[in-house]
> 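The structure follows.
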Amino acid sequence: MQDESGKTTTRRGFLQAGAAMGAGAMLAGTTAAAQSADPLITEIQPWAQGLGDGVDASPYGLPIRFETDVVRRNVSWLTADVISSINFTPIHALDGTITPQGCAFERHHSGAIELAKEDYRLMINGLVDTPLVFTYEDLERFPRTTRTFFLECAANTGMEWAGAQLNGSQFTHGMIHNMEYTGVTLRTLLDEAGIKPEGKWLFVEGADASSNGRSIPMEKALDDCMIAFKANGEALRKEHGYPVRLVVPGWEGNLWVKWLRRLEVTDAPVESREETSKYTDTMADGTSRKWTWVMDAKSVITAPSPQMPIKHGAGPLVITGLAWSGRGAISRVDVSLDGGITWKEARLAAPGQDMALTRFYFDHVWDGSEMLIQSRAMDSTGYVQPTKAQLREVRGMNSVYHNNCIQTWWVKPNGEAENVEVS
Ligand code: MTE
Ligand code: CO
């Protein structure tokens, strides 16, 4: 750290200098004078008066009890029951880019099933030279790859089409997670079976009662799809498809079949057995568009936000959020504090990665007045995240899926934030 004279100062020197500057100083901390009266500084605390837990207290650790509110939540009125339902990742309370499996949102059509590795089989049939069945152990013997991708449900932000609905980034944008997957490329397995020249599509299905059957164009299947058996270094959790799920980078979540049991090579999409009609988008002119698999560039400020009010008053404020694109990497994120009238470039925590979440920060000195905060993502294709008005011009008011518009939070002088729409 350098002071005005160019001399390097220590953190302690910085704090003392801050104390000397007095009350008007822009310092994210209390002064040394205030600290001297603080028992947390001057007294020996209970946790220092005895011993802590031994190494075996929790062979598989859980978050400390003070963090028990950082959990998935559902919105009870959204679905009729909790079996065919969805919950939301607490993105407002997370930082960085990796979503811990334990709080990554879940979406099941017929509940999360328990399927042991010993009972696991993956079949490849249809237009192939050799139909094959793999056990879990077989899959572990193929050359492996590890890559990080986001999964976003096509319904994420769907409630917001009609107007500002849900108060919290967890609920407006939490049908997303970002994990590091380890597994085998789909191409490796399909090559093993040998695709016949007429094989242009891949019908994929899961072992759960809903089976979640979907058709994927062969081009995508051979490009970058993966059969994953590890997420964030450990086995997939039951709710995310243990022991094996399909990873379809950048494409809507419903194609990422969990508890994957069968891959059928076909010459056309198998519409009779899937729910494609559910995943169409109604356009402004009343027509529907179908097969909009790719998730367009999108971003959201995770804090401050309705569940993350500013508690410290005016002064230094870290504004942070997430950006992603199914078409490539995030190249830039801008932040507006005035509802989209003026924009400033945010700082990316790390260069954007293809089809993975990017964390951005905007370091601000807040004067305590109200703000309309927004973020706007740009991706490596040059695409810019649209405003809600721009999106409605094309998509009208009757869409449910694929809402990637700019989100606005109204931050009030007391630090509380609310979901609002700006014209
Ligand atoms: N796969 C199976 N077998 N059954 C399902 O119900 N739901 C799909 C997809 N794969 C589903 C499935 C949907 S709509 C989404 S958004 C993602 O899984 C959710 O993945 P997650 O539960 O790991 O978040
Ligand atoms: Co979904």
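Order of appearance sets the numbers: ligands from 1, and atoms from 1 within every ligand. This is a predicted model, so every value here is computed, not measured.
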> Evaluate the side-chain contact (heavy atoms from CB on, under 4.5 Å) criterion for residues L189 and L139: first the C-alpha distance (whole Å), next the side-chain angles of each, then the deciding distance (0.1 Å), finally the verdict.
CA-CA 9 Å; L189 297 185; L139 295 180; 3.8 Å; yes

> Could you tell me which atoms of ligand 1, counted from 1 in the order shown, lie closer than 4.0 angstrom to a heavy atom of W256?
9 (C), 10 (N), 18 (O)

> Checking contacts here: is it the side chain or the backbone of N212 that comes within 4.0 Å of ligand 1, counting heavy atoms only? Could be both or neither.
side chain

> In terms of side-chain geometry, is the basic nitrogen of R72 or E239 positioned less than 4.0 Å from the acidic oxygen of its partner?
yes

> Below 3.5 Å, N or O to N or O, backbone or side chain included: is there any such pair between N254 and ligand 1?
no

> Under the rule for salt bridge (Lys or Arg N to Asp or Glu O under 4.0 Å), what residues qualify as partners of K196, not counting sequence neighbours?
none

> May I ask you to list the atoms of ligand 1 that are less than 4.0 angstrom from any heavy atom of D208?
2 (C), 3 (N), 4 (N), 5 (C), 6 (O)

> What atoms of ligand 1 come within less than 4.0 Å of a heavy atom belonging to E106?
22 (O), 24 (O)

> Which one holds for L255 and ligand 1: side chain close, backbone close, both close, or neither close, with close meaning a heavy atom under 4.0 Å?
neither

> Judging by distance only, is a nitrogen or oxygen of W259 under 3.5 angstrom from one on ligand 1?
no

> Could an N or O of ligand 1 be found under 3.5 Å from any N or O of S110, whether backbone or side chain?
no

> Any side-chain heavy-atom pair from P63 and V70 closer than 4.5 angstrom?
no

> What atoms of ligand 1 come within less than 4.0 Å of a heavy atom belonging to H108?
6 (O)

> Heavy-atom distances under 4.0 Å decide this one: backbone, side chain, both or neither, for M175 against ligand 1?
neither

> Pull out every atom of ligand 1 sitting under 4.0 Å from any heavy atom of E239, numbered as shown with elements.
22 (O)

> Describe, in one word, how the ring planes of H173 and W409 are oriented to each other, choosing from parallel (under 30°), tilted (30 to 60°) and perpendicular (over 60°).
perpendicular

> Angle class for the F229/Y136 ring planes (parallel below 30°, perpendicular above 60°, tilted otherwise)?
perpendicular

> Take every heavy atom of R245, measure it against each atom of ligand 1, and state whether any distance is under 4.0 Å.
yes

> With heavy-atom distances below 4.0 Å as the criterion, list the atoms of ligand 1 near C153.
16 (S)

> Answer yes or no: is there an ion pair linking K117 with E140, defined by an N-O contact shorter than 4.0 Å?
no

> Would you mind checking if R347 and D363 are paired as a salt bridge, meaning a charged N to carboxylate O distance below 4.0 Å?
yes

> Identify which of G253, A207, G206 has a heavy atom lying nearest to atom 15 (C) of ligand 1.
G253

> What about the rings of F149 and Y181, do their centers lie closer together than 6.0 Å?
no

> Just jot down the ligand 1 atoms closer than 4.0 angstrom to any heavy atom of L151, in number order.
20 (O)

> Partners of R376 by salt bridge (Lys or Arg N to Asp or Glu O under 4.0 Å), sequence neighbours excluded?
D334

